[in-house]
Engineer: 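A single structure is presented below for examination.
Chain letters run A, B, ... following the sequence lines, proteins first, then strands; residues in each count from 1. Just so we're clear, the structure is a prediction, and the values are computed from it rather than from any experiment.
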Protein chains: 2
Amino acid sequence: MPAAAGSTPSRCASACGGSGPNAASALRWPAVEEGAAHDPVYRQADDYDHAMPYDPSAFPPFAVTVDLVVLTVRRHALCALVVRRGEPPHQGRWALPGGFVRVDEGLEAAAARELDEETGLHVQGPDSPHAGAHLEQLATYGAPDRDPRMRVVSVAHLVLAPDLPTPTAGGDAHSVRWAPVDTLLAPGGERSDPLAFDHTRILADGVERARSKIEYSSLATAFCPPEFTVGELRRVYEAVWGVVLDPRNFHRKVTGTPGFLVPTGGTTTRQGGRPAQLFRAGGATLLNPPMLRPEI
Amino acid sequence: MPAAAGSTPSRCASACGGSGPNAASALRWPAVEEGAAHDPVYRQADDYDHAMPYDPSAFPPFAVTVDLVVLTVRRHALCALVVRRGEPPHQGRWALPGGFVRVDEGLEAAAARELDEETGLHVQGPDSPHAGAHLEQLATYGAPDRDPRMRVVSVAHLVLAPDLPTPTAGGDAHSVRWAPVDTLLAPGGERSDPLAFDHTRILADGVERARSKIEYSSLATAFCPPEFTVGELRRVYEAVWGVVLDPRNFHRKVTGTPGFLVPTGGTTTRQGGRPAQLFRAGGATLLNPPMLRPEI
DNA sequence: TGAATAGTGTCTTTAAGACAGTATTTG
DNA sequence: CAAATACTGTCTTAAAGACACTATTCA
């Protein structure tokens, strides 16, 4: 699990930049770089290539983590996965799941591993395009004071998953839950106990990314089970955008866009009423023209 | 200047993960994390909070850099800023500008500083919305083998700038230039001497971001001088998209979108022909409906 | 005068918004 | 039966595509 404290005063700045054990060597980097004309970093390449090869203490003390914005639609509401922090800082607060990137592991691999560890969820692969969750990089957060303990740069990822049984992280169901994003993001949200660090901001960015991306891509199907009806897909849009859509125009739009939906031949009555055709996500990933989000 | 080598065999993987001076402590992190149920990182918080507070050698040896995709439109072509590498690896190759993030500096601040250092360009601020370049975070690249020397995570940023005099980084004009992105991205591009590390991929992602973003935002004005004509703005779209647009329909679209363009009252004949009205970018940032990019 | 650019207007086509009406299930 | 959902179709309207025409400059 990563970090970030918007308003917490930074202990790292003084410790690392002033009197830490490796402060001198760590500070040499920026200082040297400043005077270089261009390509300033590799001007120092010889130094760390030969004098101190691969010695971590020669580098500024950065930690790299991944944070996960895991979204799903449950009971007609867009929900995010949050875990309760067991240790300080922000002990007892809810936070986004995440963790450190391993030295020999890529960023997306780290995100997929954390997702598996905390939810048991697997990521869509080329071999399984219709099962598992959608994962993409969201943005990177690296304010110097976002974690009071040290400098942490977190590469946030966005995960879109179908509705699942409530995850039980390692069997501990008390410390992980789905929460409606409206609650988490409300000004005095979650009974005025906001998410730890800068996770409210990260969550907001992830939600906005999801909201805008389903406009011009077929990504909304990532919230659906492998086979779904047009009505179920419409309720996904309604939940993510927080609007009500005309069922008839929506039906015309999605069934009229080539490659968006592929009928499986089956039908279902799980939503009640007349049996509805079942579809799978088609190969098209870009919607052109896009699905228009209604004005506020 | 940061790093990344797509195909270079990784020396880091063996050195860091196997026999590096801090391999043991570095590897402790992922190993401990694996067994934790949830919030696994802070399960170790006590360890580094008390036993080895702020000691960089206790962390995996990550370096964090910023890379810059600086785009402009010159002579009717989308161009990117590239610098020549003076040191190995990839000595003599062209690369994206960039550099290390300082320990007490935010990611965007680091990008803005590098931009200033390498181009003299300043970033648009709240006080100067009509001058300077547009800067935004693009994506983060952290494949374990992207730099053969060590683990480098690079937060790439996208910069859109008006046409400028050729930058002379610290007076050395031989090592910095504008190059058409079509040349840099061509399969056997730049006379089969591609950009260093994974910079071709980063550049491609930045170009695609710029191409898609001017569809639904007023960001194309970032390529224009503070005052510009409708024709000049149209030529920006044509250069970025590599298409020819109908001048009349374009004129109707941009002048008919409220808040996109604000007439300054002046006119110019710098493009020849009949005098054209001068505009400034309006307050609107989102274009709805978007400017449609013609099909291929 | 001719060539280039700027700007207006008009017709057609596409597709979204609104909404009437039918079909098929469960309770 | 009513109520719920699924689906088809029609009319209107917004806006893009195509293109005719006029305006104003410079060489």
Engineer: Quick one: which residue pairs count as a salt bridge (charged side-chain N to carboxylate O under 4.0 Å, His left out) with a foot in residues 225-238 of chain A, not counting sequence neighbours?
Structural biologist: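 The answer is Glu232(A)-Arg270(A), Arg234(A)-Glu238(A).
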Engineer: With a strict under 4.0 Å distance from non-hydrogen atoms of chain B, what nucleotide opens and what nucleotide closes the contacted stretch of DNA chain C, reading 5' to 3'?
Structural biologist: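 Endpoints of the contacted stretch of DNA chain C: dA4(C) to dT10(C).
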Engineer: Going 5' to 3' along nucleotides 20-27 of chain D, which nucleotides have protein heavy atoms under 4.0 Å from the base (write B), which only from the sugar-phosphate (write S), and which from neither (write -)?
Structural biologist: BB-BBB--
Engineer: Filter on salt bridge (charged side-chain N to carboxylate O under 4.0 Å, His left out), then keep only pairs touching residues 280-291 of chain B, sequence neighbours left out; what's left?
Structural biologist: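 Listed once each, the pairs would be none.
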Engineer: Should Asp205(A) and Arg201(A) count as an ion pair when the cut-off is N to O under 4.0 Å?
Structural biologist: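 A salt bridge links Asp205(A) with Arg201(A).
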Engineer: Please list, chain by chain and in numerical order, all residues satisfying salt bridge (charged side-chain N to carboxylate O under 4.0 Å, His left out) with Glu215(B), sequence neighbours excluded.
Structural biologist: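 Expected list: Arg293(B).
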Engineer: What is the separation between atom CG on Leu245(B) and atom P on dA18(D), rounded to the nearest whole Å?
Structural biologist: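 Distance check: Leu245(B) CG to dA18(D) P gives 11 Å.
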Engineer: Output all residues satisfying side chain to side chain donor-acceptor pair (under 3.5 Å) with Asn288(B), sequence neighbours left out; order by chain, then residue number.
Structural biologist: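 With sequence neighbours excluded, Asn288(B) shows a side chain to side chain donor-acceptor pair (under 3.5 Å) to no residue whatsoever.
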Engineer: How would you list, by chain and number, every residue that makes a salt bridge (charged side-chain N to carboxylate O under 4.0 Å, His left out) with Asp246(A), sequence neighbours excluded?
Structural biologist: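 Here the qualifying residues are Arg248(A).
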Engineer: Kindly state each residue pair satisfying ring-ring contact (aromatic ring centres under 6.0 Å, His included) with at least one member in residues 227-254 of chain B, sequence neighbours excluded.
Structural biologist: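 For residues 227-254 of chain B, and leaving out neighbouring residues, the ring-ring contact (aromatic ring centres under 6.0 Å, His included) pairs sorted by first residue read Tyr237(B)-Trp241(B), Tyr237(B)-Phe250(B).
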Engineer: How many Å lie between CG on Asn249(A) and P on dA14(D), as a whole number?
Structural biologist: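 Spelled out: CG on Asn249(A) to P on dA14(D) is 15 Å.
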Engineer: Report the residues that fulfil salt bridge (charged side-chain N to carboxylate O under 4.0 Å, His left out) with Arg211(B), sequence neighbours left out, ordered by chain and then residue number.
Structural biologist: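 Checked Arg211(B) against salt bridge (charged side-chain N to carboxylate O under 4.0 Å, His left out); matches are Asp182(B).
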Engineer: Just how far is it from atom CG of Leu287(A) to atom OH of Tyr216(A), taken to the nearest 0.5 Å?
Structural biologist: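 That separation rounds to 11.0 Å.
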Engineer: Name all residues meeting the side chain to side chain donor-acceptor pair (under 3.5 Å) criterion together with Lys213(B); count only those two or more places apart in sequence or in a different chain, and write none if there are none.
Structural biologist: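 Side chain to side chain donor-acceptor pair (under 3.5 Å) list for Lys213(B), sorted by chain: Glu136(B).
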Engineer: Remember a base hit wins even if backbone is also touched, and classify Pro289(A) as base, sugar-phosphate or nothing at under 4.0 Å, heavy atoms.
Structural biologist: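 Contact class for Pro289(A): sugar-phosphate only.
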Engineer: What is the separation between atom CG on Leu287(B) and atom C1' on dA16(D), rounded to the nearest whole Å?
Structural biologist: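 That distance rounds to 14 Å.
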Engineer: For DNA chain C, find the residues of residues 251-262 of chain A with a heavy-atom distance under 4.0 Å and give them by number; none if there aren't any.
Structural biologist: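 Nucleic-acid contacts, sorted: Arg252(A), Lys253(A).
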Engineer: Can you pull out the residues from residues 226-240 of chain A that lie within a 4.0 Å heavy-atom distance of DNA chain C?
Structural biologist: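 Heavy-atom contacts with DNA chain C come from no residue of residues 226-240 of chain A; none.
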